[in-house]
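The structure under discussion appears below in the form of structure tokens.
Chain letters run A, B, ... following the sequence lines, proteins first and then strands; every chain starts at 1.
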There are 2 protein chains.
Amino acid sequence: MHATLDELFSALSDTTRRKILVMLLEDDMAVTDVADPFDMSLPAISKHLNILTNAGLITQEKRGRVNWCKLEPDGLRDASVWMLGFGQFDILDIESLEKLIETHIDLTQTT
Amino acid sequence: MHATLDELFSALSDTTRRKILVMLLEDDMAVTDVADPFDMSLPAISKHLNILTNAGLITQEKRGRVNWCKLEPDGLRDASVWMLGFGQFDILDIESLEKLIETHIDLTQTT
DNA sequence: TTTATATTTAACCATATGGTTAAATATGGA
DNA sequence: TCCATATTTAACCATATGGTTAAATATAAA
């Protein structure tokens with residue numbers, strides 16, 4: 001069960017869901033806490049979380065009565081690959097890319 | 001009138017529209033020619049093209065009775081920037097990024 | 001065991017989406 | 001002028017989406 005690009009981009013096409021993703025960047029969160037900043041019912045948030053889960057962007061793990069939501073690190077991969085394959089990534093300035101590579105090297109360097 | 005991220009990702013969330021974008025990567029096309037490979041009516045394609053236009057991903061220019069569709073080079077920018085800002089771009093292997101940078105340098109080198 | 005907390009399920013609603021066919025509108029060519 | 005070509009508009013349809021409230025479920029705590 002691999003999410004389609006349709007599901008992925010569709011999941012990203014809603015402001016609430018993108019905000020949730022950014023929140024989860026900080027730390028794993030319980031459903032109630034995810035819902036807190038939004039002026040929206042809990043069931044509505046629950047639905048958004050399911051959409052993000054089906055798109056492979058987050059995972060949910062139930063411990064006790066709390067359902068913990070966490071980012072799925074590879075979730076954006078296919079979307080990124082499509083955009084790269086689309087060949088339009090030179091629209092990003094070269095400096096950001098180089099900085100990105102340095103960061104990556106910093107993170108992966110073992111010595 | 002700047003397209004929202006919602007519009008952008010939403011426009012990308014349909015296979016037909018992503019295929020159209022890839023076709024336009026090759027060359028500008030008339031609406032009828034865009035429609036040709038699809039098993040779908042012309043009005044349906046016309047709607048897809050409007051969605052892509054409103055998302056800022058293509059432009060349409062009418063010359064005579066032919067409406068020419070062309071890629072908008074910066075169309076994907078905001079989506080890419082969001083994804084970069086999301087900080088998950090180290091999910092892309094370093095080699096593709098380096099290759100990308102080389103390509104970019106080749107394209108921009110004047111000497 | 002009773003009550004409170006965390007979350008989902010069900011049923012519903014309004015609007016959006018992605019398609020259709022038929023008709024309208026330009027524009028180009030004979 | 002008359003016909004063909006290119007495309008859009010209009011009206012419609014089924015299903016999807018994003019929200020609601022009320023009820024159900026499961027677990028924790030008193």
Per-nt protein contacts along nucleotides 12-26 of chain D (heavy atom under 4.0 Å; B base, S backbone sugar-phosphate only, - none) come out as ------SBBBB----
Between B:Thr53 and B:Gln60, the two heavy atoms sitting closest are OG1-OE1, 2.8 Å
A:Asn50 atom CG is separated from C:dA6 atom P, nearest whole Å, by 19 Å
On a heavy-atom basis, the closest approach of B:Gly75 and B:Leu8 is O-CD2, 3.5 Å
In short, A:His2 meets A:Glu7 closest at the heavy-atom pair O-OE1, 4.4 Å
Between CG of A:Asp33 and C1' of C:dT5 the distance, given in whole Å, is 12 Å
Applied to residues 10-31 of chain B, the salt bridge (charged side-chain N to carboxylate O under 4.0 Å, His left out) test, sequence neighbours excluded, yields A:Asp6-B:Arg18
Could you walk me through whether B:Trp68 and B:Asp33 pass side-chain contact (heavy atoms from CB on, under 4.5 Å), step by step?
-> CA-CA 10 Å; B:Trp68 292 94; B:Asp33 297 326; 5.6 Å; no
In whole angstroms, the gap separating C1' of D:dT9 from CG of B:Asn67 amounts to 14 Å
Atom CZ of A:Arg63 and atom P of D:dA28 are separated, to the nearest Å, by 12 Å
On a heavy-atom basis, the closest approach of B:Val31 and B:Ile45 is O-CG2, 4.5 Å
